[in-house]
Amino acid sequence: DAKTTQPPSMDCAEGRAANLPCNHSTISGNEYVYWYRQIHSQGPQYIIHGLKNNETNEMASLIITEDRKSSTLILPHATLRDTAVYYCIVKETSGSRLTFGEGTQLTVNP
Amino acid sequence: DTGVSQNPRHKITKRGQNVTFRCDPISEHNRLYWYRQTLGQGPEFLTYFQNEAQLEKSRLLSDRFSAERPKGSFSTLEIQRTEQGDSAMYLCASTTLGKQETQYFGPGTRLLVL
């Protein structure tokens, strides 16, 4: 699976959009981009995934660049409960394991 | 609540003791994964099952570790002769075999070896 690079930490004001970047320059054509988050002492929570088109669900939006070498997770109106470590993961469609990096610690401030 | 449950949620044991953790996946999911997470790190893959067959094991899974999924439903992870380095969060995830396999995680079992 391709390697991903994320900033170690980010801050966001409550109510504002949080934009979390991820670089995956070695991504291959059959690899999806997945986002998970982990609130302290809990199991990782699935957020969203995509292949090449932008995706949106009730939690977030995923913007993937046309060359697929980077993506951005957008939380449109961040709340204090969105404070967590966010992991960007690249995985083959039928691959087995998820390979987690160190993620981005997002802190939402009041 | 993702529908994946793990028991116990916390376990404290003394070095040298054996421990066993249980994972109950989402009922229709035929793939089940185990991961381990140490403090400040992301989860690391240990092993996974498709139905009752254990298809892949990480090099992290030493001889002291064994995992089973006897009837293709729940799974157990046993650690024999625990060491202080085994202290970690043990996470279970499940998914359905298909084109887009989204893994859903349980709450984890936190192990402390004294």
Side-chain angles (χ1 to χ4, degrees), chain A residues 1-9 20 22 24 27 29-53 55 57-60 62 64 73 81 84-106, chain B residues 1-7 9-10 21 23-26 29-50 53-61 88-112:
Chain A
D1 296 328
K3 181 178 171 62
T4 62
T5 304
Q6 299 177 253
S9 64
L20 293 93
C22 180
H24 31 78
I27 193 171
N30 64 343
E31 289 180 318
Y32 281 75
V33 179
Y34 282 79
W35 283 83
Y36 283 79
R37 72 180 183 184
Q38 190 170 26
I39 296 169
H40 184 61
S41 295
Q42 298 182 20
Q45 178 188 23
Y46 165 75
I47 302 174
I48 198 167
H49 74 283
L51 184 62
K52 53 184 178 182
N53 298 320
E55 301 288 344
N57 63 20
E58 65 278 4
M59 290 183 67
L62 174 60
I64 302 174
L73 179 74
R81 287 187 293 183
V85 178
Y86 287 76
Y87 295 100
C88 169
I89 300 165
V90 170
K91 190 178 84 70
E92 290 184 9
T93 53
S94 60
S96 57
R97 67 184 69 186
L98 291 171
T99 301
F100 289 80
E102 295 185 352
T104 296
Q105 171 66 60
L106 174 69
Chain B
D1 184 359
T2 61
V4 180
S5 62
Q6 292 187 248
N7 288 288
R9 294 290 310 278
H10 303 274
F21 311 139
C23 171
D24 287 89
I26 295 170
H29 284 185
N30 51 17
R31 280 199 172 182
L32 186 150
Y33 300 79
W34 286 98
Y35 293 81
R36 181 174 71 182
Q37 185 174 25
T38 53
L39 207 59
Q41 304 296 315
E44 297 173 290
F45 170 81
L46 291 178
T47 188
Y48 88 96
F49 293 84
Q50 184 169 310
Q54 189 173 16
L55 295 188
E56 187 177 355
K57 293 192 287 187
S58 161
R59 285 174 294 178
L60 292 176
L61 212 66
M89 172 85 89
Y90 290 85
L91 293 158
C92 173
S94 72
T95 188
T96 298
L97 181 63
K99 189 174 181 181
Q100 298 178 37
E101 297 178 4
T102 298
Q103 294 183 24
Y104 295 92
F105 284 81
T109 295
R110 185 169 293 282
L111 172 67
L112 177 61

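All values below were derived from every heavy atom in this structure, side-chain atoms included, with hydrogens, water molecules and symmetry-related copies excluded.
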query: If you measure from CZ on A:Phe100 to CG on B:Leu91, what distance do you get to the nearest 0.5 Å?
result: 8.0 Å

Interatomic spacing from CD in B:Glu101 to OH in A:Tyr34 - rounded to 0.5 Å: 7.0 Å

message: For B:Glu56, I'd like to know if atom CD has over 12 heavy atoms of other residues, nucleotides or ligands within 6.0 Å.
response: yes

- request: Please flag which part of B:Glu44 lies under 4.5 Å from any non-hydrogen atom of chain A: side chain, backbone, both or neither.
  value: neither

- request: Check whether any side-chain N or O of A:Tyr36 sits under 3.5 Å from a backbone N or O of B:Phe105 as a donor-acceptor pair, and report yes or no.
  value: no

- line: Cut-off 4.5 Å, heavy atoms of chain B, and the answer for A:Gln45 is neither

query: Do A:Pro44 and B:Gln103 have side-chain heavy atoms sitting under 4.5 Å apart?
result: no

message: If we define contacts as heavy-atom pairs under 4.5 Å, which of B:Gly42, B:Gly108, B:Pro43 has the most with chain A?
response: B:Pro43

- prompt: Is there side-chain contact between A:Leu98 and B:Tyr35, with heavy atoms separated by less than 4.5 Å?
  reply: yes

- request: Could you tell me the separation between the CG atom of B:Leu46 and the CZ atom of A:Arg97, rounded to the nearest 0.5 Å?
  value: 10.0 Å

message: On a heavy-atom basis, which atom in A:Ser41 and which in B:Met89 lie closest, and how many Å separate them?
response: O-CE, 3.7 Å

query: Roughly how far, to the nearest 0.5 Å, is OG1 of B:Thr102 from CD1 of A:Ile47?
result: 12.0 Å

field: Contact class of B:Pro107 relative to chain A, heavy atoms under 4.5 angstrom
entry: backbone

